[in-house]
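Let me begin by presenting the structure, written as structure tokens, before commenting on it.
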Amino acid sequence: MRLKNIFAAAAAFSLCAVSFASLGASAEVTISYNPTAEISCGDDGVSMRKNILNTWGNNVTDIDANNAVTDYITVNFTVSGLNGATSNAEANATYDCNGTNFVAFLAGSAGGNTRHNNKNGEIGDQYVTITGDGDYSVTWNLESASASIECLYLQTNINYLAFGSDEEKAKKDSEREITDSGLSLTVTSITTGDAQEEGTSEEETSAETEAATEAATEAATEAASESTAAAESTEKAATTTTTKAATTTTAAAGASTTTAVTTASTVTNTPTGDTSGIPAAVAALAVAGAAAVVSKKKD
């Protein structure tokens with residue numbers, strides 16, 4: 001393989017490293033969650049809710065309010081106790097998003113992002129339809145990043161009064177408790193986007209990566225030039241040696257022609273495209289990938 005082909009392969013490898021480092025910038029961040037709160041009801045008094053951080057008339061702090069959020073908040077959760085039910089008998093304008101089907105969505109407040117119901121279509125299509133007991137995931141796409149979360153809860157439109165034993169259903173609604181309904185709403189994990197380091201913009205990060213890549217490319221090019229020069233020098237030396245051997249053979253032709261020919265044939269020229277500079281070229285190109293990683297915030 002000639003030097004230029006090997007150099008091209010090394011360049012492609014380095015560019016892949018840079019692209020991989022760039023992808024790392026969009027990694028998810030897991031928000032630490034310590035579940036303590038039981039299921040409760042929304043403002044309508046009957047729709048099942050799971051408070052995650054709610055100190056507005058409640059005392060739920062299962063996550064730290066000082067968690068920064070970027071781009072979105074995603075909650076993975078599990079529902080059980082539906083016993084095959086998938087819809088309410090009547091739609092509730094406060095929390096319904098998809099007719100009478102069971103749904104769940106995230107609500108609360110994080111900086112300039114605030115929503116609490118769907119009366120005015122605030123939720124849009126950012127909900128998940130509950131089709132029975134099982135695992136689900138729902139995302140709240142944020143309009144702006146926030147350094148903190150003021151309130152967060154997982155809201156459903158599941159009316160708990162439709163569940164529970166016959167004995168429970170026989171009670172007056174005012175005497176019933178949601179914890180006796182047999183329903184369960186369990187949060188399993190919470191994630192958000194990976195925020196950049198404070199004071200570092202996307203433009204600055206891109207400029208740093210570009211500068212690092214350019215510097216590495218220049219270093220690799222210089223290393224390749226030095227390698228090519230070394231190869232040409234070696235090839236020239238090898239050619240000179242061969243010529244001398246041939247001259248010696250001519251001078252001694254009368255004495256030992258066979259020996260002279262054998263001596264000439266044992267001289268070996270160095271192949272064009274010496275690979276002595278390849279490690280330096282590869283190492284220099286790898287700097288681009290390393291520099292890109294350094295310029296991004298680590299998880």
Side-chain angles (χ1 to χ4, degrees), residues 28-70 72-82 92-97 102-119 122-123 126-128 130 133 135-164 168 171-193 195:
E28 284 190 335
V29 173
T30 299
I31 296 177
S32 180
Y33 174 64
N34 179 34
T36 61
E38 295 182 337
I39 56 172
S40 59
C41 294
D43 296 338
D44 64 354
V46 297
S47 295
M48 181 170 61
R49 169 188 291 182
K50 181 68 171 181
N51 286 311
I52 298 171
L53 174 63
N54 193 347
T55 57
W56 299 346
N58 297 272
N59 187 27
V60 179
T61 55
D62 290 353
I63 62 172
D64 190 336
N66 292 320
N67 277 292
V69 289
T70 304
Y72 62 87
I73 302 174
T74 294
V75 169
N76 298 304
F77 62 97
T78 301
V79 177
S80 63
L82 294 176
N92 180 330
T94 302
Y95 299 127
D96 282 308
C97 302
F102 290 152
V103 300
F105 59 84
L106 294 177
S109 180
N113 308 277
T114 300
R115 65 183 190 182
H116 294 284
N117 56 59
N118 198 43
K119 283 184 177 180
E122 293 181 38
I123 308 306
Q126 297 179 49
Y127 63 86
V128 60
I130 306 300
D133 293 348
D135 299 323
Y136 297 89
S137 178
V138 65
T139 296
W140 176 4
N141 293 315
L142 305 176
E143 294 183 0
S144 59
S146 176
S148 63
I149 302 173
E150 289 71 53
C151 179
L152 182 65
Y153 53 90
L154 178 62
Q155 181 67 56
T156 79
N157 64 340
I158 301 172
N159 187 332
Y160 84 91
L161 294 176
F163 299 89
E168 278 295 312
K171 296 179 181 179
K172 295 180 180 180
D173 290 350
S174 60
E175 296 176 348
R176 297 187 60 183
E177 298 290 339
I178 190 172
T179 51
D180 296 326
S181 66
L183 293 170
S184 174
L185 185 61
T186 306
V187 172
T188 55
S189 66
I190 306 170
T191 58
T192 186

Discussion item. Checking E38 against S40: is there a side-chain donor and acceptor pair closer than 3.5 Å?
Written reply: no

Worksheet item: Between T70 and T192, is any side-chain donor less than 3.5 angstrom from a side-chain acceptor?
Response: no

Response to the item:
Heavy atoms of V138 and A104 approach each other most closely as CG2-O, 3.7 Å

Fill in: Verdict with supporting geometry, N58 and Y153, side-chain contact (heavy atoms from CB on, under 4.5 Å)
CA-CA 11 Å; N58 297 272; Y153 53 90; over 6 Å; no

Worksheet entry | Heavy-atom donor-acceptor pair, S146 side chain to S148 backbone, under 3.5 Å | yes

Response to the item:
So CZ of F163 and CG of L183: to nearest 0.5 Å the spacing works out to 5.5 Å

Item to complete: Answer yes or no: are there more than 12 heavy-atom neighbours, outside E143 itself, under 6.0 Å from its atom CD?
Response: no

Worksheet entry | Over 12 foreign heavy atoms within 6.0 Å of NZ, K119 | no

Practice prompt. Of all the heavy-atom pairs spanning D135 and T78, show the shortest one and how long it is.
Written response: OD1-OG1, 2.6 Å

Worksheet item: So which heavy atom on L154 is nearest to which on V187, and how close?
Response: CD2-CG2, 4.4 Å

Item to complete: Go through the steps to decide whether N113 and W140 satisfy the test side-chain contact (heavy atoms from CB on, under 4.5 Å), and finish with yes or no.
Response: CA-CA 10 Å; N113 308 277; W140 176 4; 3.8 Å; yes

Discussion item. We want to know whether D133 and S80 form a side-chain donor-acceptor pair, criterion being a heavy-atom distance below 3.5 angstrom.
Written reply: no

Worksheet entry | Distance in Å, D180 CG paired with E175 CD, rounded so as to fall on 0.5 Å steps | 12.0 Å

Discussion item. Against F102, only a single residue in L82, T156, N159 fulfils side-chain contact (heavy atoms from CB on, under 4.5 Å); can you say which?
Written reply: L82

Worksheet item: Is it the case that E28 and Y72 place a side-chain donor and acceptor less than 3.5 Å from each other?
Response: yes

Practice prompt. Might you point out which heavy atoms bring N51 and D62 nearest each other, and give the distance in Å?
Written response: O-OD2, 4.1 Å

Worksheet entry | Sidechain-backbone polar pair: D64 side chain, N66 backbone, donor-acceptor under 3.5 Å | yes

Practice prompt. Dump the intermediate steps for side-chain contact (heavy atoms from CB on, under 4.5 Å) on E150 and W56, then the final yes or no.
Written response: CA-CA 9 Å; E150 289 71 53; W56 299 346; 3.9 Å; yes

Worksheet item: So do V29 and T191 actually touch side chain to side chain, heavy atoms under 4.5 Å?
Response: no

Response to the item:
So CD1 of I190 and CD1 of I149: to nearest 0.5 Å the spacing works out to 7.5 Å

Worksheet item: Between T94 and N117, does any side-chain donor sit less than 3.5 Å from a side-chain acceptor?
Response: no

Worksheet entry | Approximate separation, where rounding is to 0.5 Å, of I31 CD1 and L53 CG | 10.0 Å

Worksheet item: Would a distance-only check, ignoring hydrogens and angles, find a side-chain to backbone donor-acceptor pair under 3.5 Å from Q126 to N141?
Response: yes

Worksheet item: Do side-chain atoms of Y95 reach the backbone of V103 as a donor and acceptor pair under 3.5 angstrom?
Response: no

Discussion item. To the closest 0.5 Å, what do you measure between CZ (F105) and CD (Q155)?
Written reply: 5.5 Å

Worksheet item: Looking at V60 and T55, what are the two nearest heavy atoms and their distance?
Response: O-CG2, 4.1 Å

Worksheet item: Within the side chain of R115, is there an N or O that forms a donor-acceptor pair under 3.5 Å with the backbone of G108?
Response: no

Discussion item. Under a plain distance cut-off of 3.5 Å, with no hydrogens placed, do N76 and S137 share a side-chain donor-acceptor pair?
Written reply: yes

Discussion item. Let's go through V75 and Y33 carefully: what are the C-alpha distance in whole Å and the side-chain angles of both, what is the deciding distance for side-chain contact (heavy atoms from CB on, under 4.5 Å) to 0.1 Å, and is it a yes or a no?
Written reply: CA-CA 11 Å; V75 169; Y33 174 64; over 6 Å; no

Worksheet item: Relative to the ring of F77, is the ring of Y136 parallel (under 30°), tilted (30 to 60°) or perpendicular (over 60°)?
Response: parallel

Worksheet, complete the sentence: For Y127 and C97 the tightest heavy-atom approach is CD2-CB, 3.5 Å

Worksheet entry | CG on L185 to CD1 on I39, rounded to 0.5 Å | 7.0 Å

Worksheet entry | Side-chain donor or acceptor of K171 paired with backbone N/O of E177 under 3.5 Å | no

